[in-house]
Amino acid sequence: MNAVSIPVRTRPAYQVQVGPGLLPDFGRILRDTLGHCRAAVVTDSVVGPLYLDAVRESLQSAGFRTVPHTVPAGEAHKNLSTLGGILEFLARERLTRSDALVALGGGVVGDMAGFAAAVYLRGIRYAQIPTTLLSAVDSSVGGKTAVDLRAGKNLAGAFAQPAAVLCDTDFLRTLPPETFADGMAEVVKTGVLSGESLLSMCEAGEVAAHETEVIARCVAYKAGVVERDEREQNERRLLNLGHTVGHAVEKCSGYTIPHGHAVAAGLGVIARAAEAFGWTAEPVAARICGCLAANGLPCGTDFPPEALSEAALSDKKRAGDTVTLVIPERVGGCVLRAVPVAELPDIIRAGCAPWT
Ligand code: GLY
């Protein structure tokens with residue numbers, strides 16, 4: 001499939017461009033979007049050595065003056081200290097409100113650099129260049145930006161839509177298999193939410209051969225949800241399928257388990273719990289767990305249910321005495337269910353019970 005462009009009709013609206021061989025066009029596309037300005041390119045210590053020079057060259061050949069900033073790679077560095085370093089860098093370089101930030105990397109860089117753009121000078125424009133499958137299918141789109149706090153994941157952040165998202169699928173060639181699998185968790189999640197045809201592609205192992213199509217489908221699905229509920233008042237909460245327990249798994253592991261693997265575990269736990277509590281309209285757990293396993297992902301966790309419940313209660317999905325869970329009633333039919341906080345340990349325990 002050649003490059004495709006998916007509109008996201010938020011305010012402001014933007015295009016997500018996906019396809020192979022896009023890198024040489026990044027500069028031209030961003031100049032058409034941002035005009036002539038300076039661009040701070042923020043990347044991390046893994047992605048920088050691979051792609052920073054090529055991205056700067058593409059931008060500079062289109063007339064941008066670029067300044068680079070590299071942060072240490074990994075979720076452990078997605079914190080206020082690294083955010084402060086990005087903000088001080090932008091100020092030192094005297095970027096103005098007519099300039100822009102370009103986030104080059106996976107979900108951690110995208111979330112953190114996006115947050116820096118959202119608050120620097122009370123907001124400058126930014127573009128996302130996702131380099132992982134996870135950031136391409138999920139985190140680069142929709143304008144959620146954040147850093148982690150000691151109390152939990154993504155607890156300080158802002159909604160700030162990017163001006164553009166540019167995804168060169170050739171970048172996925174350098175992903176270690178485990179990192180590709182990490183992104184598959186969000187693809188499987190989107191399959192469970194959106195319906196049969198995407199989930200079947202995941203089950204059949206067809207994603208790698210159809211990357212552009214799969215990324216475009218995930219982005220188009222997410223764009224529709226975000227357009228209807230940009231600030232996560234209602235429908236957008238469905239995109240958190242697997243994330244309540246997933247974030248708890250990440251926290252219990254001291255952020256050593258990557259986001260996608262934790263979401264996969266959370267997806268397996270909530271699917272089994274939903275079945276055990278009679279909340280499903282068709283058997284979903286065996287299918288979801290089989291699909292996760294076929295894509296090199298876990299579908300459960302060894303952390304004690306009590307520790308997971310405790311960690312989950314610092315998540316943003318809690319409101320007073322209830323926590324809102326996303327329940328997979330059927331493939332293509334997930335619903336929100338507010339449950340009393342006191343019931344969460346039993347629900348998680350049911351989802352963690354040995355699988356027969
Ligand atoms: N990753 C879920 C969302 O963007 O809403």
Side-chain angles (χ1 to χ4, degrees), residues 6-11 13-14 16 18 75 78 103 105-115 117-118 126 128 130 132-148 152-162 164-165 167 182-194 198 214-251 255 258-267 270 297 312 315-319 323-328 334-336:
I6 303 115
V8 185
R9 298 182 190 86
T10 46
R11 269 182 302 236
Y14 53 100
V16 180
V18 187
E75 187 80 31
K78 188 182 172 186
V108 171
V109 167
D111 281 11
M112 197 160 41
F115 189 25
Y126 76 103
Q128 293 274 14
T132 62
L133 182 62
L134 189 141
S135 54
V137 298
D138 186 54
S139 60
S140 65
V141 178
K144 275 190 183 175
T145 72
V147 294
D148 303 336
K153 180 137 168 120
N154 294 338
L155 292 186
F159 288 99
Q161 299 296 337
V165 181
C167 175
D182 210 47
M184 280 305 302
E186 296 284 3
V187 180
V188 172
K189 176 199 85 174
T190 307
V192 176
L193 287 165
S194 66
L198 183 57
V214 167
I215 294 169
R217 287 173 66 164
C218 291
V219 167
Y221 176 79
K222 181 166 181 176
V225 174
V226 169
E227 285 164 10
R228 290 187 292 275
D229 179 21
E230 191 173 336
R231 298 240 157 189
E232 200 173 281
Q233 301 298 300
N234 194 8
E235 183 185 354
R236 186 170 180 169
R237 293 193 283 176
L238 292 172
L239 301 180
N240 296 326
L241 175 63
H243 282 60
T244 299
V245 176
H247 284 174
V249 168
E250 281 185 274
K251 191 175 175 196
Y255 297 103
H259 179 66
H261 284 65
V263 166
L267 202 47
I270 200 64
L297 290 162
D315 207 67
K316 298 181 293 309
K317 294 148 204 92
R318 179 178 180 170
V323 59
T324 300
L325 301 176
V326 186
I327 303 299
C334 296
V335 295
L336 299 173

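Start at 1 and go down the list; that is how both ligands and their atoms are numbered. If you read the sequence from its start, that first residue is 1, and numbering goes on from there.
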Logged contact type for Asp138 with ligand 1, heavy-atom cut-off 4.0 Å, is side chain
Of His243, His259, Lys222, the residue with the heavy atom nearest atom 4 (O) of ligand 1 is Lys222
Practice prompt. Indicate yes or no for a side-chain donor-acceptor contact from Asn154 to the backbone of Ala146 under 3.5 Å, with no hydrogens or angles considered.
Written response: no
### Lys144-ligand 1 polar pair, N/O distance under 3.5 Å
yes
Taking atom types as modelled, is there a side-chain donor on His243 or Glu250 under 3.5 Å from an acceptor on the other? no
Ligand 1 atoms nearer than 4.0 angstrom to some heavy atom of Leu239 are 2 (C), 3 (C), 5 (O)
Is there side-chain contact between Lys144 and Arg236, with heavy atoms separated by less than 4.5 Å? yes
In this structure, atom 5 (O) of ligand 1 is nearest to the protein heavy atom Arg236 NE, 2.7 Å
Closest non-hydrogen atoms of Cys334 and Leu238, given as atom of the first, atom of the second and distance, are O-CD2, 3.7 Å
Between Gly191 and Leu198, the two heavy atoms sitting closest are N-CD2, 3.8 Å
